[in-house]
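Only heavy atoms go into these numbers, but all of them, side chains included; no hydrogens, no water, no symmetry mates. A note on names: the letters A, B, ... follow the listed sequences, proteins ahead of strands, and every chain is numbered from 1. Predicted, not measured: the structure shown is a model, and the values here were computed from it.
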There are 2 protein chains.
Amino acid sequence: MQVGEWMGSAVDLVPQELRVLVAVADEGGFSAAGLRLGATQSAVSHAVRGIERKLGVVLFERGRYGARPTPAGARAVTHARRVLRMLETLVVETRGTQKGEVGGPLRIAAFRSAALYLLPPVLERLAARHPGIEATVTVVREVGPGTAGEVVEGRADLGIATLGTSSPIPPELIGDVLLEEPYALVHPAGHPDPRSLPLVDWRENCSSYTRTWWAAQDWIPAATVRAEDDGAVLSMVGSGLGMAIMPTLSLTGAPAGIEITGLGPDRPTRRVGYVTTPELATTSAVRAFVRELRAHAKPQVRAV
Amino acid sequence: MQVGEWMGSAVDLVPQELRVLVAVADEGGFSAAGLRLGATQSAVSHAVRGIERKLGVVLFERGRYGARPTPAGARAVTHARRVLRMLETLVVETRGTQKGEVGGPLRIAAFRSAALYLLPPVLERLAARHPGIEATVTVVREVGPGTAGEVVEGRADLGIATLGTSSPIPPELIGDVLLEEPYALVHPAGHPDPRSLPLVDWRENCSSYTRTWWAAQDWIPAATVRAEDDGAVLSMVGSGLGMAIMPTLSLTGAPAGIEITGLGPDRPTRRVGYVTTPELATTSAVRAFVRELRAHAKPQVRAV
DNA sequence: TGCATCTATGCGAGCGGCTCATGGGTCCGC
DNA sequence: GCGGACCCATGAGCCGCTCGCATAGATGCA
């Protein structure tokens, strides 16, 4: 005989149900979520209905367009992501304790230049040392919530972020500064008076500290051109369209025909660091990655 | 048709399985765990076997005595507790978002005197303000891992701890100081020279800062009597057996016949605070409790 | 007014997880 | 030494949950 409500709480959300929530939120509809999960729309509909009945709360507004999370639904999805990640962690760490090795997925969110120039050598050494770790990098524009937002929302395990006065670490996250790098003036090579060129800027380049310094410099004009990202800025400068003030990391892949000039002793700097959730900070995969990150970031500080 | 491995990952630990792990670890055996879960020993055996097969790791050593967790098992149990708590949080917070009210279980670990004299008024006001919160208090001796250990192990959501130089907040936890209270000399009322009495002490009374101060006081003898807890010390002092040096909180319920004398301007103090996990710190129940805690702790600082 | 594209739902099938019953192993007392 | 009293392990069977299928309902668009 099997009693209706047996072991377990009255409201038990199994991992599959959590995955359904995340999939619906990500895909924006039941049908698309079903496709992503390798299931039918019917299964998703049944599942969501069951969850809503258990919780006594409507989680998604259905409509012609698909499904949007209600406020309660959005909160549920955020929690669901974290729970799913902790379940993954449980499995990986338990296995790792047995075998004495480090492994598991590691989702990194980074802004463009960090993903292109800072992470590759770090990930290379990480892979060499811990082949079990499956690292994935997502490039996120460092505006609004930025990479830290990805971590808060549970979409990433660790974020490479610019940690400035304008963007402190959110209270529910922890992190540390990896390197402090100066801004420099970039301009077409051989230009006699680069400071007179029009300024090329891009959206992410707006740390408040930098802005303060900018305001004190009377030679800096308002940006005449606003590019999509720092890479675009760099190529525009290379094409002779103007000059730009960029952090060192963005200049790593500078093409030929570009000259970099320092901004003097009182030049502005920015701090680049990492952020992660405290429950993930203790996992061996995150610790191993941060170790490699530190080992590579430290020399760069001196090289600047 | 239903494919063998359909939705969800190959290794999916459902909440019931997590509860089985926790129950077996807590109860020390499959039969007892089954009893606690309202299920049979057979079900527990099947479940544990299934989990071990999924993870590919032996989680419990079985024997005549029952079942003990292996190292991997212990880690799995710790993670399981946290995941279960986060699932609970998901449900409660999602419902709360809808209704706009705060609720859910709140497991508090506190050392004896805090549970007896600090918490009751706080819990009273908390219950008045948020009837939905179901607070439970566990008294934990503040030695070794102490109340913070309960939180780390996932057995409590929030701990009232003595935060001193000897016991810093563990890196995976967050917390804050609530009040700083002085130690005082307690002795039988009317005694002409209380400092000459034999010293009564107890195990928890061993902050390193206090010890430093003690070492500098030549009038303090080695403890001649060592009681089980501060309450016992207090009643022994009340019986005229000797004097003791105790923090203010332990003196709240001092019986008649006891006199309290200050220890001068350079008296030692101890800091009492709370600790919790960062993922719980953002939940509305914990925030509400901490708010009440602060509101009550603050005046006590001035009253000292 | 069809059509396209969503979600909702009734129905049936299969797997998973439970109980029941039983067996094996070990320690203890008589 | 031997039954009994604890453990856990395992096989058989049953029941419910969850999913797929088919279809109906809703809605915006041409």
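Annotation: salt bridge (charged side-chain N to carboxylate O under 4.0 Å, His left out) contacts involving residues 30-42 of chain B, sequence neighbours excluded, comprise B/Asp26-B/Arg36, B/Glu27-B/Arg36. Screening residues 59-70 of chain A for salt bridge (charged side-chain N to carboxylate O under 4.0 Å, His left out), with sequence neighbours left out, gives A/Glu52-A/Arg62. Within the structure, salt bridge (charged side-chain N to carboxylate O under 4.0 Å, His left out) contacts touching residues 148-159 of chain B (residues at least two apart or in different chains) are B/Arg85-B/Asp157, B/Arg107-B/Asp157, B/Glu150-B/Arg155.
Remark: the backbone N or O of A/Arg141 is not paired with any side-chain donor or acceptor of A/Arg112 at under 3.5 angstrom. At distances below 3.5 Å, not a single donor-acceptor pair connects side-chain atoms of A/Ser31 with backbone N or O atoms of A/Gln41. The closest donor-acceptor contact from the side chain of B/Glu17 to the backbone of B/Ala47 lies at 3.5 Å or more, if one exists at all. The backbone N or O of A/Asp12 lies less than 3.5 Å from a partner atom in the side chain of A/Lys54, making a donor-acceptor pair.
With rounding to whole Å, B/Arg68 atom CZ is found 14 Å from D/dC7 atom C1'. Look at CZ on B/Arg19: it is 14 Å from P on C/dG17, rounded to the nearest Å. Atom CD in A/Gln41 sits about 11 Å away from atom P in C/dT9, given to the nearest Å. Distance B/Asp12 CG to D/dT18 C1': 14 Å, rounded to the nearest Å. Taking atom CD of A/Glu52 as the reference point, atom P of C/dT9 lies 11 Å away to the nearest angstrom. Rounded to whole angstrom, the span from the CZ atom of A/Arg53 across to the C1' atom of D/dT18 amounts to 12 Å. The nearest whole Å value for the distance from the CZ atom in A/Arg49 to the P atom in D/dT18 is 15 Å.
Contact check of residues 23-30 of chain B against DNA chain D (heavy atom, cut-off under 4.0 Å) returns B/Gly29, B/Phe30. Annotation: proximity of residues 56-65 of chain A to DNA chain C (heavy atom, distance under 4.0 Å) is found for A/Arg62, A/Arg64, numbered in ascending order.
Using modelled atom types, one finds no donor on one side chain facing an acceptor on the other under 3.5 Å when comparing B/Glu93 with B/Thr283.
In plain terms, the two heavy atoms of B/Val57 and B/Ala72 that are nearest each other are CG1-CB, 3.5 Å.
Just one residue in the list B/Thr162, B/Asp230, B/Val140 forms a side-chain contact (heavy atoms from CB on, under 4.5 Å) with B/Phe111, and that residue is B/Thr162.
Taking side-chain N and O atoms only, B/Gln16 has a distance below 4.0 Å to OP1 or OP2 of C/dC18. Within the structure, a side-chain polar atom (N or O) of A/Thr40 is placed less than 4.0 Å from OP1 or OP2 of D/dG20.
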Any N/O pairs under 3.5 Å between the protein and nucleotides 11-13 of chain D? List them or say none.
unit_1, atom_1, unit_2, atom_2, d
D/dG11, O6, B/His46, NE2, 3.2

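Nucleotides of DNA chain D nearest to B/Ser31 and A/Val14 differ in position, and the one nearer the 5' end is that of B/Ser31.
Closest contact between the side chain of A/Ser45 and the listed nucleotides D/dT10, C/dT9, C/dC18 involves C/dT9.
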Using the rule given for side-chain hydrogen bond (donor to acceptor under 3.5 Å, both in side chains), can you reason through A/Glu142 versus A/Thr147, listing the C-alpha separation, both sets of side-chain angles and the distance that settles it, and then say yes or no? CA-CA 6 Å; A/Glu142 193 70 339; A/Thr147 53; 3.2 Å; yes
